[in-house]
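This is the structure I want to talk about, given as structure tokens.
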Amino acid sequence: MFGTPARVGLERTGLPADLCHLLQEEDNLEDALQGLVPSDRSDDSSEEDDVTPQSPSALLAVRHEAIASERAAAKAGLVQQAKRMKRDSDAKFPPPDLGTKSRRLKQLYARSQFTVSAEKFIDKCDVPDKTIPLRSAAIQHSVEAGGHGQGFQRCNCTMACTTNACSCRQKGVLCNSKCHHTSSCANK
């Protein structure tokens, strides 16, 4: 893996490489494991400190414990680094609070979904604490601007739209194709 051949078989057990190449049968392996004694013992150390296991299974257990402690330390380091990155990111880019004059937008948005404007349109204190979905806010804004939720105004007149009974004529807007389909209209 990554430019080196995969280690399979006896090479993964931790036995010295020269010993692995000499083993041909299972009996040779058992003899080698019985004769394997750690040689890093110091003579001047106290008896309490010199608790090196003698059996291969004990050596493997010690190795597994060391690996587990290294993994735990690496995980703790990664968690600490992630917390630091999150703290720095939140300090540099505080979570946005988007809203309209009537309500705050309900959903959270990623920074790639909106652009921060240099202009300040409304103050944060002018926006009430009630929330509203984006689609409802868009419909509400369209209705406030004189539309019916889709940005279209329609009158549904059955006559020729010659009087102020026509809501389009009353607002000074020309009738469109959404108003009435087939009847003739004087307000086009």
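What you see below is based on every heavy atom in this structure, not just the backbone, and it leaves out hydrogens, waters and symmetry mates.
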Quiz item: Should the pair D90-K86 be classified as a salt bridge under the 4.0 Å nitrogen-to-oxygen rule?
Solution: yes
Exercise. State the CG-SG distance between N176 and C155, to the nearest 0.5 angstrom.
Key: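 Answer for the CG-SG pair, N176 versus C155, is 8.0 Å.
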Exercise. Check whether more than 12 heavy atoms from other residues, nucleotides or ligands sit under 6.0 Å from atom CD of Q113, and answer yes or no.
Key: yes
Quiz item: Under the 3.5 angstrom rule, does the side chain of N187 hit a backbone N or O of G172 as a donor-acceptor pair?
Solution: no
Quiz prompt | Gap between atom CG of L59 and atom NE2 of H64 - 0.5 Å precision | solution = 11.0 Å
Practice problem: Report yes if some heavy atom in the side chain of R103 is under 4.5 Å from a heavy atom in the side chain of T131; otherwise report no. | Solution: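 Contact flag for R103/T131 side chains = no.
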Quiz item: Between CG of L105 and CD1 of I132, what distance do you get to the nearest 0.5 Å?
Solution: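 L105 CG to I132 CD1: 8.0 Å, rounded to 0.5 Å.
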Self-check item: Rounded distance (nearest 0.5 Å) linking atom CZ of R169 with atom SG of C185
Solution: 8.5 Å
Practice problem: Enter the distance from R87:CZ to K92:NZ here, rounded to the nearest 0.5 Å. | Solution: 14.5 Å
Quiz prompt | C168 side chain reached by C161 side chain, heavy atoms, under 4.5 Å | solution = no
